[in-house]
Number of protein chains: 4
Amino acid sequence: MALDSPAKAPNSRRTILDAAAACFARQGFAQTSIDDIARAIGATKGKIYHHFRSKGELLSAVRKSSILLTSAQVEPVFLANQAPRARFHSMAMAHVRAMIEQLPYHRVVIENLRKGDIGPSTPHERALMQEIRTLQRGYEDLFRTVITQGMQNGAFHSQPVSVALHSVLMLLNAPVFWYHPRQGETAADRVAIARQIADMALAALTPRAEPKDPLP
Amino acid sequence: MALDSPAKAPNSRRTILDAAAACFARQGFAQTSIDDIARAIGATKGKIYHHFRSKGELLSAVRKSSILLTSAQVEPVFLANQAPRARFHSMAMAHVRAMIEQLPYHRVVIENLRKGDIGPSTPHERALMQEIRTLQRGYEDLFRTVITQGMQNGAFHSQPVSVALHSVLMLLNAPVFWYHPRQGETAADRVAIARQIADMALAALTPRAEPKDPLP
Amino acid sequence: MALDSPAKAPNSRRTILDAAAACFARQGFAQTSIDDIARAIGATKGKIYHHFRSKGELLSAVRKSSILLTSAQVEPVFLANQAPRARFHSMAMAHVRAMIEQLPYHRVVIENLRKGDIGPSTPHERALMQEIRTLQRGYEDLFRTVITQGMQNGAFHSQPVSVALHSVLMLLNAPVFWYHPRQGETAADRVAIARQIADMALAALTPRAEPKDPLP
Amino acid sequence: MALDSPAKAPNSRRTILDAAAACFARQGFAQTSIDDIARAIGATKGKIYHHFRSKGELLSAVRKSSILLTSAQVEPVFLANQAPRARFHSMAMAHVRAMIEQLPYHRVVIENLRKGDIGPSTPHERALMQEIRTLQRGYEDLFRTVITQGMQNGAFHSQPVSVALHSVLMLLNAPVFWYHPRQGETAADRVAIARQIADMALAALTPRAEPKDPLP
DNA sequence: TATGAATGAGTTTTCATTCAT
DNA sequence: CATGAATGAAAACTCATTCAT
């Protein structure tokens, strides 16, 4: 008979990771010391170094988690069989909801987007970075696919895909910079925000009729 | 006859600031040491500390410059007498062009958006932060004004202004994350990018006819 | 059977403190770098910062030690049941002996008496200062008590207590400025010095018969 | 005919010196920067370096001033023809009054008594130190003379002169550590303090009848 | 696993001092 | 005389990381 808790072990990594994400999100990566994280979980540095080889690996792990968490919510929607506009809209909503529901993880990622372009010295860290870049690329490709399809299809305005993709993704990421849960906020409130942003993203890709006021 | 400049303006400050913006943009604020900046202009740390009291003040100065530079390009457009859609579109283009034309300054700002929310301990630094917040608020209000007007006017889709504003601004800021001048790029190329993004931003605010494929 | 000591007491702290007291006493607080202290014990700055948060805390710890060491020698004498003059005299001797027997600690304190009146910025350092002030106050009160009693009693000349107290204490502290152990000095020599000073202190408080040469 | 003020020039040095004394007294020598002093008189570093070669020279000048100011008040009293007890008492009062009437200068000196034992590297500074030591020695000799005389004379208790001298001088210097002018304090108040301390100093040197309570 | 001690390299900051104007 | 810019050397502190236990 088990003495106490059911699945005892694997908690540590996740506990540390949550604390790291929270600290990085609150104070920024550089402003967070390993001791800060340790203190946040009532442990010592040593414990963290048992589970992660370096501070950089901690950041990598948070980034990876962020992508996996988002993918987990967006990919099923991507796979559902929908027309481009509906498909994009559902993906956008799922993405925004992921952003605001696991805010710390995603904030860390967005605020360190270009980190690691230079830096990681050890082969191990370079490998991690590479893996993350691959995951990131794969995730973006979900949106790239839908957008490309929609453009071919006529559902979306035809334009350079890369610019459109990055612009729209940043629009969907924006809540990371300003969102913060209000007192007494409900799930419905969050859905409303997600819908508003997804609507805008969709509109941004929509074919324009004709410029009623002539634009210069 | 001299046009305007104070002639003997010691451009030391500006030289340092440019170097700081470049370094911060390339390596990130935390990864840049004061020595890096000094080395970049062939001077010593001491020179920098003679003109700026601290690394944080350097960041503040870059932020302030960024806002002023952008304002200088966008405000005249704001003041021109145009209908909401045209007005917003011109402002958006001006904003994007500012982003990519003084990339380092703006990249620093966007990548450190939430820096200084906590931290600045000295009264002097707090005052600087306050001033920057005021400038920032003022700048955002240009867009807030146009958007609000457009909504009342029917030119824009009616929706919560704050979310719309922040979303659209982040869309306009997005180039900061991915843009980098290509070999042989012309001014026209940059205008094209700015136009594409401004078009999307305008579309994001545009009233939607009717959802042809029903959205969930 | 072990008498008392906590056996495994990591005397790192005490080692560092002794070295700090010695350096501060020799060169002065401001003229001593943390590296000086580290070098004195064959360690690195890091070790010191592992045990003490700042140079100021090091000074505070020395001050505290000084007061505790002195108290440990003077308080038992205070508690013994003696008439005011004898009591004061024994306390004075104990005080002077403490001064010259742990010279470095006390020299540091006396030479930095007013340090920290302004300065300590962190709450932690302010708390330390407060604690020290309390200890200091408590220690002075031993003498204040005896002096007050003696004045009421007629054993001492009646006069403003505060001025008398501070004057006499500084007289007892004076060796800190000039004493330095001579070649071949014995414990008896030190007792002689202590007795001479204690005698003077006692005389300073003694009721004056009549001014034989009229004082202006 | 002079344009404006009578003796125009020599003010600068004294102005600077006063400011230096005030700053050193308030914050301590090491905690005071040349800029602090410059700011205190609304000038710049350069001005100070025109009048004093170094920070150390500034300290030396303050020390010298302190001794000269005190001498100026005590020496005339010393030269007056009085019996040892009266002579000592008058000198002591003059000394204490000097202490509290030019507090900053004397505080600086007492708090830096052992400064310069090591340190001054330039020949010029060493010469200054030597001069100060000579002045200091000369000043102390006034008291040494009176005390020695009194001991031979029977007016004072016979005891090792050096210890007695240093002890009594520190007693007379003590106000430097605690005195601070009260609201509405009069000259008479200051005289009262001086008299109380001088009385104690005199008593400290007075021959003791017999220990009524036997001292251990 | 986890802890606490220790390290060492780096970073920000301070400041006395010099110098051209 | 006085200023403002610039320097260079030192100093306090930080912190990721290692290691013995």
Side-chain angles (χ1 to χ4, degrees), chain A residues 8-9 12-13 16 29-38 41-59 121-122, chain B residues 8 10-13 16 30-38 41-58 122, chain C residues 8 10-13 16 30-38 41-58 122, chain D residues 8-9 12-13 16 29-38 41-59 121-122:
Chain A
K8 174 95 172 325
S12 277
R13 250 189 94 91
I16 292 171
F29 175 71
Q31 282 65 44
T32 300
S33 72
I34 300 281
D35 267 320
D36 288 336
I37 302 169
I41 58 173
T44 59
K45 271 202 271 271
K47 177 165 185 181
I48 291 174
Y49 275 96
H50 265 285
H51 294 273
F52 299 89
R53 292 197 210 173
S54 72
K55 194 183 175 190
E57 186 174 320
L58 219 33
L59 176 57
S121 38
T122 75
Chain B
K8 180 51 191 28
N11 43 9
S12 280
R13 256 187 88 94
I16 293 171
Q31 282 65 43
T32 300
S33 76
I34 300 284
D35 264 324
D36 288 338
I37 300 171
I41 59 174
T44 62
K45 267 198 285 269
K47 176 168 183 178
I48 292 174
Y49 276 99
H50 182 65
H51 292 276
F52 298 89
R53 292 197 210 173
S54 70
K55 195 183 175 189
E57 186 174 319
L58 218 33
T122 75
Chain C
K8 180 50 189 28
N11 43 8
S12 280
R13 256 188 88 93
I16 293 171
Q31 282 64 43
T32 300
S33 75
I34 300 284
D35 266 321
D36 288 337
I37 301 169
I41 59 173
T44 63
K45 261 201 286 275
K47 177 169 183 178
I48 292 173
Y49 277 100
H50 182 64
H51 292 277
F52 298 89
R53 293 197 209 174
S54 70
K55 195 183 173 188
E57 185 173 321
L58 218 32
T122 75
Chain D
K8 174 98 171 321
S12 279
R13 250 189 95 90
I16 293 171
F29 176 72
Q31 282 64 46
T32 300
S33 73
I34 300 280
D35 267 320
D36 288 336
I37 301 170
I41 59 174
T44 58
K45 272 201 272 272
K47 177 165 184 179
I48 290 173
Y49 274 98
H50 265 285
H51 294 274
F52 298 89
R53 293 197 209 173
S54 72
K55 194 184 176 191
E57 186 175 320
L58 219 32
L59 176 57
S121 38
T122 76

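Numbered from 1 within each chain, the chains take letters A, B, ... in sequence-line order.
Of the side-chain N and O atoms in B:Ser12, none sit less than 4.0 angstrom from OP1 or OP2 of F:dA5. Regarding contacts with the backbone of E:dA2, every side-chain N or O of A:His50 stays at 4.0 angstrom or more from both OP1 and OP2. Proximity of C:Lys55 to the phosphate of F:dA12: a side-chain N or O atom is located under 4.0 Å from OP1 or OP2.
Here the P atom of nucleotide F:dA10 and the CG atom of C:Asp36 are 12 Å apart, to the nearest Å. Here F:dA2 presents its P atom at 12 Å from CZ of D:Phe52, a figure rounded to the nearest Å. Between the C1' atom of F:dT17 and the CD atom of A:Glu57 lies a distance of 14 Å, rounded to the nearest Å. Rounded to an integer number of Å, the gap from D:His51 NE2 to E:dT17 P is 16 Å. Atom CZ of A:Arg53 is separated from atom P of F:dT18 by 11 Å (rounded to the nearest Å). If you measure from atom CG of B:Asn11 to atom P of F:dG4, you get 18 Å, rounded to the nearest angstrom. The CD1-P distance, from D:Ile37 to E:dT17, rounds to 11 Å in whole Å. The interatomic distance linking A:Ile48 (CD1) with F:dT18 (C1') rounds to 15 Å, in whole Å.
For A:Ile34, counting side-chain heavy atoms from C-beta on, the closest listed nucleotide (E:dT12, E:dT17, F:dA16) is F:dA16. Closest contact between the side chain of A:Thr44 and the listed nucleotides F:dA16, F:dA6, E:dT3 involves E:dT3. For A:Ser33, the side-chain atoms get nearest to F:dA16 when compared with the rest of F:dA16, E:dA9, E:dT7. Comparing E:dT12, F:dG8, F:dA2 by their closest approach to the side chain of B:Tyr49 singles out E:dT12.
Taken to the nearest 0.5 Å, the CZ atom of A:Arg13 stands 14.0 Å off from the NE2 atom of A:His50. Annotation: the span from A:Leu58 atom CG to A:Phe29 atom CZ amounts to 8.0 Å, rounded to 0.5 Å. Separating the NZ atom in C:Lys55 from the CD1 atom in C:Ile34 is a distance of 6.5 Å, to the nearest 0.5 Å. We find the CG-CD1 distance between C:Asp36 and C:Ile48 to be 9.5 Å, quoted to the nearest 0.5 Å.
With sequence neighbours left out, the side-chain hydrogen bond (donor to acceptor under 3.5 Å, both in side chains) criterion links C:Ser54 to C:Glu125. Here C:Lys47 pairs with C:Ser12, C:Ile16, C:Ala43, C:Thr44, C:His51 under the side-chain contact (heavy atoms from CB on, under 4.5 Å) rule; sequence neighbours left out.
Stem regions for DNA chain F, each three or more consecutive Watson-Crick or G-U pairs with both distances under 3.5 Å and listed by first number, read E:2-21 with F:2-21.
Looking at which nucleotide of DNA chain F each of D:Gly46 and A:Gln31 is closest to, the 5′-most match is held by D:Gly46. Annotation: of the two residues near DNA chain F, C:Thr32 and A:Lys45, the 5′-most nearest-nucleotide partner is C:Thr32.
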